[in-house]
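The next block holds one structure in the form of structure tokens; read it before the comments.
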Amino acid sequence: MAVQVTENTPTVALGPAAALSCRECGQRFALGPIFACQECFGPLEVAYDLPSGDPEGLRKQIEAGPDNIWRYAPLLPVPTDVADKPNLNPGFTKLVKADRLAAELGVTGGLYVKDDSGNPTHSFKDRVVAIAVEAARAFGFTTLSCSSTGNLAGAVGAAARRAGFKSCVFIPHDLEAGKVVMAAVYGGDLVGIEGNYDDVNRFCSELIGDPLGEGWGFVNVNLRPYYGEGSKTLAYEICEQLGWRLPDQIVIPIASGSQLTKIDKGLKELIALGLVEDKPYKIFGAQAEGCSPVSTAFKAGHDVVRPQKPKTIAKSLAIGNPADGPYVLDIARRTGGAVDDVNDEQVVDAIKLLARTEGIFAETAGGVTVGVTKKLIEEGLLDPSLTTVVLNTGDGLKTLDAVAPTSGPTATIRPDLDAFRAAGLAG
């Protein structure tokens, strides 16, 4: 199908990216800062002309690349010289073999935690923002912006400063203090909106169409097709770190649902390129009970995701009307996975379980994922004999309020040995 060129759309070179394609009707459009199909209003995503015919050569090229997401530049919508540009260079975070957690959960087939708290601003959002920055450069934007539940605000603020952009980001007014400080410290404009994330997102959509938003690249709105591709790098890294193997099962937290859909896209690309052996894999989605529209739809057998009003400590996942919700349902069902949820108490317990067994302090989203993994095993939906990867998408230092009430000194004593003995801690 011919690529439609919209008026004033600049000609850009973004590596193997060939066009934008509608996920609903398949219509294709020239690369540009658009996010909805002009024919059916469906969401757009990047379509590629990917390298083919030499999987071993491509594998060696990737392995010789930098220790960040730019090792996968041949598979991403970025210029060929992306590694030479000022960027935060996220990615290639640790894949931790979690044997102690596996023993606690009864997993015998190998359990791994993909720990994205090691990124520059301590969440996976650095990946998606890094791709969006390159699109913003290509389209001549001068200001980076976003609607955010917290982590994205910090990632945009940091990436904008590093890349030489102005920034103005929008957040719900009641976010965790740690995330507010981290978003503000980079010196860009930070605007609290009275309302929840869905209110913030609606406001940003209005701003895009107003002269006030001229020259602004909203990473998760008008740059969303490019931004979303950053999550594919999680799939690439997991498979490379497993020795170029697909995991049997992967558990992914759901906010908008984009991360889950793009990880699935990345796995399918690796199979098509011959970089991994084609075999079945299952994808599971994890939500907090207080904001579980996708889980609710999955359990009811529905194809439509009905919005919910969020009420959960897992604020980074508190999107009541997830844009990719229907696609998450399709992927979970197609792969034989599931979508489930846990309550706030289970989230806190899971954060502590991961910290106690593996020394990884996850934010509340990570607690959701570990908690749902435990629940899926108990319900017989996740096979403990298979290789399983669980995502931790952010650092627990950002959500201290969730665990602070139940985490503190074991004892407070006088500075002498008798007091220590009396506390019953010796030996």
Pair Leu152-Val129, side-chain contact (heavy atoms from CB on, under 4.5 Å): steps then yes or no: CA-CA 8 Å; Leu152 181 57; Val129 171; 3.3 Å; yes
Residues that Phe124 engages under ring-ring contact (aromatic ring centres under 6.0 Å, His included), provided they are two or more places apart: none
Any residue meeting ring-ring contact (aromatic ring centres under 6.0 Å, His included) with Phe35, in chain and number order, not counting sequence neighbours: none
Surrounding CD of Glu194 (heavy atoms of other residues, nucleotides or ligands, distance under 6.0 Å), is the total greater than 12? no
Test side-chain contact (heavy atoms from CB on, under 4.5 Å) on Asp324 and Arg23; report intermediate values, then the result. CA-CA 11 Å; Asp324 280 29; Arg23 277 198 267 181; 3.1 Å; yes
Residue pair Lys125, Asp116: steps toward the salt bridge (charged side-chain N to carboxylate O under 4.0 Å, His left out) verdict: CA-CA 9 Å; Lys125 292 295 187 181; Asp116 245 24; over 6 Å; no
What residues, two or more places apart in sequence or in another chain, satisfy ring-ring contact (aromatic ring centres under 6.0 Å, His included) together with Tyr226? Phe139
Value for CZ (Phe284) from OG1 (Thr373), rounded to nearest 0.5 Å, stands at 9.0 Å
Less than 3.5 Å apart, any donor N or O on the side chain of Asp264 or Tyr327 sitting next to an acceptor on the other? no
Heavy-atom distance under 4.5 Å between the side chains of Asn151 and Thr121, does that happen here? no
State, with a plain yes or no, whether a side-chain heavy atom of Ile252 is found less than 4.5 Å away from one of Gln259. yes
Taking the side chain as C-beta and beyond, is there a heavy-atom pair between Leu234 and Lys114 under 4.5 Å? yes
If you measure only the distance, is there a donor-acceptor pair under 3.5 Å linking the side chains of Gln241 and Lys94? no
What pairs meet the side chain to side chain donor-acceptor pair (under 3.5 Å) rule with one or both residues in residues 172-182, with sequence neighbours excluded? Lys179-Glu363
Give a yes-or-no answer on whether the side chains of Glu134 and Asn87 include a donor-acceptor pair shorter than 3.5 Å. yes
Side chain to side chain donor-acceptor pair (under 3.5 Å) contacts in which one or both residues fall within residues 152-169, not counting sequence neighbours: none
Pairs of donor and acceptor atoms involving the side chains of residues 265-276, under 3.5 Å and at least two apart or interchain, shall be tabulated with distances.
{"unit_1": "Lys265", "atom_1": "NZ", "unit_2": "Val46", "atom_2": "O", "d": "2.9"}
{"unit_1": "Lys265", "atom_1": "NZ", "unit_2": "Glu229", "atom_2": "OE1", "d": "3.3"}
{"unit_1": "Lys265", "atom_1": "NZ", "unit_2": "Glu229", "atom_2": "OE2", "d": "3.0"}
{"unit_1": "Glu269", "atom_1": "OE1", "unit_2": "Lys232", "atom_2": "NZ", "d": "3.0"}
{"unit_1": "Glu269", "atom_1": "OE1", "unit_2": "Tyr236", "atom_2": "OH", "d": "2.5"}
{"unit_1": "Glu269", "atom_1": "OE2", "unit_2": "Lys232", "atom_2": "NZ", "d": "3.1"}

With distance as the sole criterion, is a donor-acceptor pair present between the side chains of Gln308 and Thr296 under 3.5 Å? yes
Walk me through it: do Ile171 and Thr149 pass the test side-chain contact (heavy atoms from CB on, under 4.5 Å)? CA-CA 6 Å; Ile171 59 174; Thr149 57; over 6 Å; no
Which pair of non-hydrogen atoms, one from Val342 and one from Val368, has the smallest distance, and what is that distance? CG2-O, 3.9 Å
With distance as the sole criterion, is a donor-acceptor pair present between the side chains of Arg127 and Thr393 under 3.5 Å? no
Qualifying residues under side chain to side chain donor-acceptor pair (under 3.5 Å), relative to Gln249, sequence neighbours excluded: Thr388
Check the pair Lys315, Asp401 against salt bridge (charged side-chain N to carboxylate O under 4.0 Å, His left out), reporting the backbone distance first and the verdict last. CA-CA 12 Å; Lys315 293 183 179 179; Asp401 288 353; over 6 Å; no
Would you compute the distance between atom CG of Leu207 and atom SG of Cys168 and round it to the nearest 0.5 angstrom? 7.5 Å
Quick one, Phe420 and Leu425 - any side-chain contact, counting heavy atoms below 4.5 Å? yes
My understanding is that only residues two or more places apart in sequence, or in another chain, count here; which of them pass salt bridge (charged side-chain N to carboxylate O under 4.0 Å, His left out) with Glu378? Lys374
Is it true that the NZ or CZ of Arg71 lies under 6.0 Å from the centre of Phe92's six-membered ring and within 45 degrees of the ring axis? yes
Side-chain touch Arg224/Ser256, heavy atoms, less than 4.5 angstrom: yes
If we ignore angles and hydrogens, is there a donor and acceptor under 3.5 Å between the side chains of Asp395 and Ser117? no
Applying side chain to side chain contact (heavy atoms under 4.5 Å, CB included), can you list everything that pairs with Phe361, at least two apart in sequence or on another chain? Ile351, Leu397, Leu400, Val403
If I compare all heavy atoms of Phe298 with all of Ala338, which pair ends up nearest, and what's the gap? CZ-CA, 3.4 Å
Side-chain donor-acceptor contact under 3.5 Å, Asn321 with Asp198: no
Any side-chain heavy atom of Val133 sitting closer than 4.5 Å to one from Leu144? yes
Ring centre gap for Phe165 and Phe141 strictly below 6.0 Å: no
Can Lys352 and Asp349 be said to form a salt bridge (charged side-chain N to carboxylate O under 4.0 Å, His left out), step by step? CA-CA 5 Å; Lys352 291 183 172 183; Asp349 289 344; over 6 Å; no
Student check: side-chain heavy atoms of Thr399 and Ser316 closer than 4.5 Å: no
With sequence neighbours excluded, tell me which residues meet ring-ring contact (aromatic ring centres under 6.0 Å, His included) with Trp70. none
With the side chain counted from C-beta on, respond yes when Pro16 and Leu75 share a heavy-atom pair under 4.5 Å apart, and no when they do not. no
Output the distance between atom CG (Leu329) and atom CZ (Arg334), rounded to the nearest 0.5 Å. 12.5 Å
Looking only at non-hydrogen atoms, find the nearest pair between Gly26 and Ser21 and report the distance. O-OG, 4.0 Å
How many angstroms lie between OH in Tyr197 and CG in Leu175, if you round to the nearest 0.5 Å? 11.5 Å
Contact summary for Pro225 and Leu20, nearest pair of heavy atoms: CB-CD2, 3.8 Å
Before giving the answer on side-chain contact (heavy atoms from CB on, under 4.5 Å), spell out for Val219 and Val128 the whole-Å C-alpha distance, their side-chain angles and the decisive distance to 0.1 Å. CA-CA 8 Å; Val219 300; Val128 291; over 6 Å; no
Would you tell me whether Tyr72 and Glu240 have side-chain atoms, one donor and one acceptor, within less than 3.5 Å of each other? yes
Rounded to the nearest 0.5 Å, what's the gap from CG on Asp303 to CG on Asp330? Could you check? 7.0 Å
Not counting sequence neighbours, which residues clear side chain to side chain contact (heavy atoms under 4.5 Å, CB included) with Thr312? List them please. Ala288, Cys291, Ala314, Ala318, Asp344
Gap between atom NZ of Lys282 and atom CG of Leu381 - 0.5 Å precision: 9.0 Å
Residues that Glu345 engages under salt bridge (charged side-chain N to carboxylate O under 4.0 Å, His left out), provided they are two or more places apart: none
